[in-house]
There are 4 protein chains.
Amino acid sequence: MYSPQPIDLAWMTYLGIFSMQHRGQEAAGICVSDGERFHVEKDLGLVTQVFDERRLDSLRLANARVSIGHVRYSTTGSNLRFNAQPLTTRTNKGILGLVHNGNFVNAREVRDTMLMEGALFATTNDSEVMLNLIARESHMDLVQATAAAMQQLKGGYACVLMSRTQLIGFRDPNGVRPLVIGQRDGENGNVGAYVLASEPCALFAVGARLLRDVLPGELVWIDRDGLHSLMVHPGTPTPCAFEWIYFARVDSVIDGVDSHAARLRMGAQLAREQPVEADIVVPVPDSGMVAAIGYARESGIPFDYGLYKNPYAGRTFIAPTQEARELKVKMKLSPTAAVAGKRVILVDDSIVRGTTSRQIVNLLREAGATEVHFRVCSPPIKHPCYYGIDTAARKELVASTHSIEEIRELIGADTLSFISEQGLRDAVDGPGLCLACFNGEYPAGTPMVNDLDKLALEV
Amino acid sequence: MYSPQPIDLAWMTYLGIFSMQHRGQEAAGICVSDGERFHVEKDLGLVTQVFDERRLDSLRLANARVSIGHVRYSTTGSNLRFNAQPLTTRTNKGILGLVHNGNFVNAREVRDTMLMEGALFATTNDSEVMLNLIARESHMDLVQATAAAMQQLKGGYACVLMSRTQLIGFRDPNGVRPLVIGQRDGENGNVGAYVLASEPCALFAVGARLLRDVLPGELVWIDRDGLHSLMVHPGTPTPCAFEWIYFARVDSVIDGVDSHAARLRMGAQLAREQPVEADIVVPVPDSGMVAAIGYARESGIPFDYGLYKNPYAGRTFIAPTQEARELKVKMKLSPTAAVAGKRVILVDDSIVRGTTSRQIVNLLREAGATEVHFRVCSPPIKHPCYYGIDTAARKELVASTHSIEEIRELIGADTLSFISEQGLRDAVDGPGLCLACFNGEYPAGTPMVNDLDKLALEV
Amino acid sequence: MYSPQPIDLAWMTYLGIFSMQHRGQEAAGICVSDGERFHVEKDLGLVTQVFDERRLDSLRLANARVSIGHVRYSTTGSNLRFNAQPLTTRTNKGILGLVHNGNFVNAREVRDTMLMEGALFATTNDSEVMLNLIARESHMDLVQATAAAMQQLKGGYACVLMSRTQLIGFRDPNGVRPLVIGQRDGENGNVGAYVLASEPCALFAVGARLLRDVLPGELVWIDRDGLHSLMVHPGTPTPCAFEWIYFARVDSVIDGVDSHAARLRMGAQLAREQPVEADIVVPVPDSGMVAAIGYARESGIPFDYGLYKNPYAGRTFIAPTQEARELKVKMKLSPTAAVAGKRVILVDDSIVRGTTSRQIVNLLREAGATEVHFRVCSPPIKHPCYYGIDTAARKELVASTHSIEEIRELIGADTLSFISEQGLRDAVDGPGLCLACFNGEYPAGTPMVNDLDKLALEV
Amino acid sequence: MYSPQPIDLAWMTYLGIFSMQHRGQEAAGICVSDGERFHVEKDLGLVTQVFDERRLDSLRLANARVSIGHVRYSTTGSNLRFNAQPLTTRTNKGILGLVHNGNFVNAREVRDTMLMEGALFATTNDSEVMLNLIARESHMDLVQATAAAMQQLKGGYACVLMSRTQLIGFRDPNGVRPLVIGQRDGENGNVGAYVLASEPCALFAVGARLLRDVLPGELVWIDRDGLHSLMVHPGTPTPCAFEWIYFARVDSVIDGVDSHAARLRMGAQLAREQPVEADIVVPVPDSGMVAAIGYARESGIPFDYGLYKNPYAGRTFIAPTQEARELKVKMKLSPTAAVAGKRVILVDDSIVRGTTSRQIVNLLREAGATEVHFRVCSPPIKHPCYYGIDTAARKELVASTHSIEEIRELIGADTLSFISEQGLRDAVDGPGLCLACFNGEYPAGTPMVNDLDKLALEV
């Protein structure tokens, strides 16, 4: 955030990252500057675990002007404490803080070159590569140097950078990862604070309204003179389809497309593409909820709450043995009486490994479902994501090695269908889409080293 | 749990209380005995906060035979650490551990009498009164003494007591609070372990099947000879209506009534009693979910997911100022695009103070809802609960001082209706019900001191 | 403490128990009352670990009047959290808090009788037996009931009891364990606060001066009318010799005997009883320090600092293997260059198991000491202590199974001598002494069950 | 440490830094490599607070070969977590870990130059400057590059650097800060592990014997071929006098001078230079202990233990008000009965601000000392230290603004004398000495910016 007037930026940034907790649960951090001091607090854990009153207070600088915050979702760089963001460093452009979402596919090559030139890398975080590139342009000002750095890094990313007096946001040329601009109403005739965030919910959390999306390839900066824009690298917009399928909150509008409406349309599309006779439509909560409503409406088959989700199950649950790990799904999802004796259409957002899907089908059958028809709001995932969706966890993609019929058999469903690529495009009904994980066409490049694990620095 | 064969009772009990986390978030505890040792671990916090691997391991006695567990929901007795359950104590019947759910309405009088006789009370927990009553009957065996103690304490309660060799469960004469019996399949021809729990989900969590409910006024005990029963004090069954309205999990069957089906019927009943023209039916998640589906089906008005619930919002969120406390609702619930330009029927389980309801209505209006029709699955709450539902939190009951029309105005809804008492009875469609909080008729007695706060011991 | 005027009793009590940290490192606790409320905070750990600012603040009642504090040194009752003191309970005399030092030798018989009468025992702490005895006298006032309870419990103990309005201290008839009375200067013509403590250092820590010792068998109480005394059970004074040998701080005066002077005399006595030709006198720090000075002065052999003690070594040091446990002594004590090529007289307070002594002698030899003459300020310890010195840790008393010559050989010293019983009496030069651990004559009775472990309650 | 054979380097390094806890209490860290992986654990706190079993285990690589450890004592760079050492980073010479003791006086100029060249500085730690200098020499191997970096940094320092396969130690040209080399006996005919440490006690802690000191200006490295040496920058040896006065353990031998013997000589020297008639010689424990023995022997006046030091007082003690901060000295030091009615010679290592000295004199007088003669083992401290002794804490040096007579009056002593510079040189009786804090002659240069605070980076 950038506020021309002193407001409680620590608290506001806390609200903002809290509202985006769904985007990353591994670590959280906030950096605040009052034009002189730079204070950062970050640690492993959820926002509410990292920040207690005392720690938040330590960030409450009297004349706070600029701040950034982050919740970490591990992709490259393991979950060590020193990888928590914001990353802060002193450069020839003063102290800088950077947060980023997504991945640079050529980070390793760039880093290796800079290593040979004498650079140090303390973390295994992509952000450090970006900061080194910025610092290297010692003759340019911060905005110019950032634009120059953008030209050298490829991939799908959205970043927010702060100095003592500026807030800078930029998005990759394809706009794979989202970034929105918001503004609070100013008080007493003053200009209100500007906010940059991955999703609009963070804007609303701090009382700001959505101005617009940062455009693919655009760099925006905010200083005492207001909001400025520079189109650094115009490209074809191909935002990540998974934002609407699963990642973004259901109350978010990204690149002009409303997430709730898109999911309703996905469900309806599925119902048209893959109809089946059944008694009830049941969502896998919470991600399949809205698509299931869409399916139910289009098909005329009643929607029902057939799977209870234990709201406490996301927490660190002790599960010592293999059997116990199976139990984890059972502790999280539990069939209600709705499914007994019913032919069930089960709607989920995606199938990755298939193991959870198999357990859910099994739970429904044990609870008396006579048929289970599995409907998926995304096409089969066959390829890794290089732009920031956790492919480490999605490594053993069942659809890359099995046919749909084989998957159906594996998970024990009576029928199994996925939405078509075109159906998904129609349902999102917005800009072009990155569908690389479905079709292998990577709009923003691929890493030279294909094995993502090798990207990690071992320190 | 009681297991004739050595099984991992610590782990099983952990699973059981984890599955009942929704019944209490203040403290958690487990006690295990192997026939010789008695080991208890308990603390303030959620199950996953209280128990890490190390602490659970300390409970893993090699030949564990008997165990009890508890999650605490504060009613009488403040949330100090020493009030966490199980309560353990040495008596003339050996070491005993006790967990209870509910309240004894005459605990204070009984305690005062025993104080005069020289008894000590270290906690402000009702359980300690029960244990003193049991210990006083030094000439009786444990089962007899427990039955004698039941005769002297009034109120709505369900308790589980363990000695080194017995597991004892009992329920008040009206069966206000639930208690079910389950059993695991025995292996190798052995008798399987018995389980007592408030809700069937805890049975399923440990792989047991539901045998039956403990009857109102019944005492059951399990020892090496199996399950035994004693009808101590038969009474008219009047289980708490709130179990089906809100408290029990939607996948629970209590006293023969399925919670999911009952909530569907509540929604349908509301639709019949209080129809209104509108565009969509929206639940207040998660408690209004199933009733909203019932309302939608009965009325033919489409169900939609109009309010997003942030799954991280239940955690300890820092909210320093009054304004920030309002923000808490906003950080927890967020309208989706479904409600813009729509006439919304909003379905919730109950209205207590009305403040949250007001904020939700306001959120919907800000998101563009043109009308908001508030429908409530319970009658207006006008009276405190003396049987264990948190009346401390329900102290300023808006319905006890305001007419329905006044409440409607207060919360800003276009219309407001509650289900009728008879409609609720029909929807639950089971045994008699305790509806004391709605109509002031207390089936299990009231405390002499009406002010519940005075029940608390100040230590 | 009892203060007629409001002072910061929480803070004062914190200072008091901090100054007595050497008397117990297992747990710490403080209880404060303002005449209405009773607030207690206690936990396992050192005073500075248990009490942070927030926790101390929670004890800062505005009109605090009475307080007690405790540091726990485990004797009977294992080191579980629920055994931390002060123990608080509601009785027919109101809420009471109790701290005690020492042991009741007939606690088990008394407890068993009360169990049969219907009493509960939540802890395995002797204090709870005392509180039950007090509560049982429901017709007496608190002072009378406490005096009656004193008559029934035997052993070596000093206790401080608080109600909302009184502070009561009492000491066993033999005065085995110490208890002193102090008073702060009153401000503005008011009476100053009274303090009861095990050692005078706690009085000085809170700015009080020493008034006198509580007499053996005396009960004193302080209320708004000042200090009162009742001689409940006069006996022959036989305070524990170990207070002067080791336990009490070197700046303490107990029962009229100055600890520093007594230790100087012990050293001198040893030099007279057990002279030996040598080059330097070296203390085992810190407990042998003053006696070594006494030995050096009497013998004319130079004192030197031959063993460095690592001040951080008392902390929880990880020592996984047997070899590593040996390392613990090495990490704690390290010979200086003073001992190389010297004949060393090593002065220590006592020999318990002999294992540490052996390692110290070995360290000195490795550092080049040509002879090591071990001199001990106490006679050989042959019998367990039933009055509160940790006999659990002193279980395998080497002197109970080995002759002095055998011990000498075991520890590898050139010569080994202990002070004589009469020499010790002369050195302390005060009242009669309890020398039970040396000669087996127990002035305050022995437990019926000799095995102290059996005193513990297994909960 | 470097071990050609696999040994438990994590545990050994833990022992080593534990034995040097007296050199820094702010933070602790260990880094271990097995030739492939590099694992570091570090945090704020004492060694025993930072390392629990689990954390130490995480460092236990099966084939550990190289390790470094550190305890932090804050000089430049505030006590933030990211300043904890070892600092690890990836460079063109592979991953490196560095620990250092002391200060580089031209770190700021060097850093500013490198900033302009595009370098990043994540910490405010001198080590990062050294690592950048090493990385910049991309054409040299690690040993050459380190030697080149040594040539560019001035000040008083001792560093240990590790790569996956090498352990490198180096010391500034004046040898201001100490560094010793040790070696363990090899087992089964193998070469034993090499150890580099600030003091010999760390060698003994891991079972190694002292080989020799690293020479001033020397760089040594250890790899699979053994120990190698390179004299990078020979200079006049002027080790820091404070190592013998106060900093080093009394059992350490540094640059050939035994600390215990040196302190005895300082005390004797003081007695010769500054005799006074008195009854006893009392040390300020623990640092004045051995010098007081020396003074007593030389003067013939009896040594006595006149001040008790509470061994728990170093811990985090809550001291909210000014009055309470005075109490801190009182809680730490307490006069024994030895001083009553006596003329006392008090021996301390140094006087910095004079406030503690004043309180100690006052304590002695209150305890009845009739005269207090203050004798100090170092000359008056008038100048800041730029080579790593905490001048932040020594900022308000009383001797830089007051005459000795004024200080005497300030602290309330009857007489006050300091050892002479020549007396100190004679007592240490070894190499030349850095006496800059006494006489302002800085052998290893001074910073361009005199205000050390300005050296700190504000992140």
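Per chain, numbering begins at 1; letters A, B, ... match sequence-line order. Note that these values count all heavy atoms, side chains included, but never hydrogens, waters or copies made by symmetry.
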Which atom names give the shortest non-hydrogen contact between C:Ile293 and D:Tyr305, and what distance separates them?
-> CD1-N, 3.7 Å

Residue D:Ala261 versus chain C: region with a heavy atom under 4.5 Å = neither

Using non-hydrogen atoms only, which part of D:Pro285 is less than 4.5 Å away from chain C: side chain, backbone, both, or neither?
-> neither

Counting heavy-atom pairs under 4.5 angstrom with chain D, the leader among C:Asp258, C:Asp304, C:Val290 is C:Asp304

Passing candidate, side-chain contact (heavy atoms from CB on, under 4.5 Å) with C:Asn310, options D:Arg249, D:His22, D:Met20 | D:Arg249

So which of D:Thr336, D:Val253, D:Leu307, D:Val47 has the biggest tally of heavy-atom pairs under 4.5 Å with chain C?
-> D:Thr336

Do C:Tyr308 and D:His260 touch side chain to side chain, with heavy atoms closer than 4.5 Å?
-> no

Would you give the length of the straight line joining atom OH of D:Tyr312 to atom CG of C:Leu46, rounded to the nearest 0.5 angstrom?
-> 7.0 Å

Inter- and intrachain pairs under side-chain hydrogen bond (donor to acceptor under 3.5 Å, both in side chains), touching residues 282-296 of chain D, at least two apart | D:Ser287-D:Asp349

Residue list, side chain to side chain donor-acceptor pair (under 3.5 Å) with D:Arg184, at least two apart or on another chain | none

How long is the span from the SG atom in C:Cys201 to the CE atom in D:Met331, to the nearest 0.5 Å?
-> 8.0 Å

Nearest 0.5 Å please: distance from the CE atom of D:Met289 over to the CE atom of C:Met289.
-> 3.5 Å

Name the region of D:Val250, side chain, backbone, both or neither, that has any atom closer than 4.5 Å to a heavy atom of chain C.
-> both

Which answer fits D:Leu264, side chain, backbone, both or neither, if we ask what part of it has an atom under 4.5 Å from a heavy atom of chain C?
-> side chain

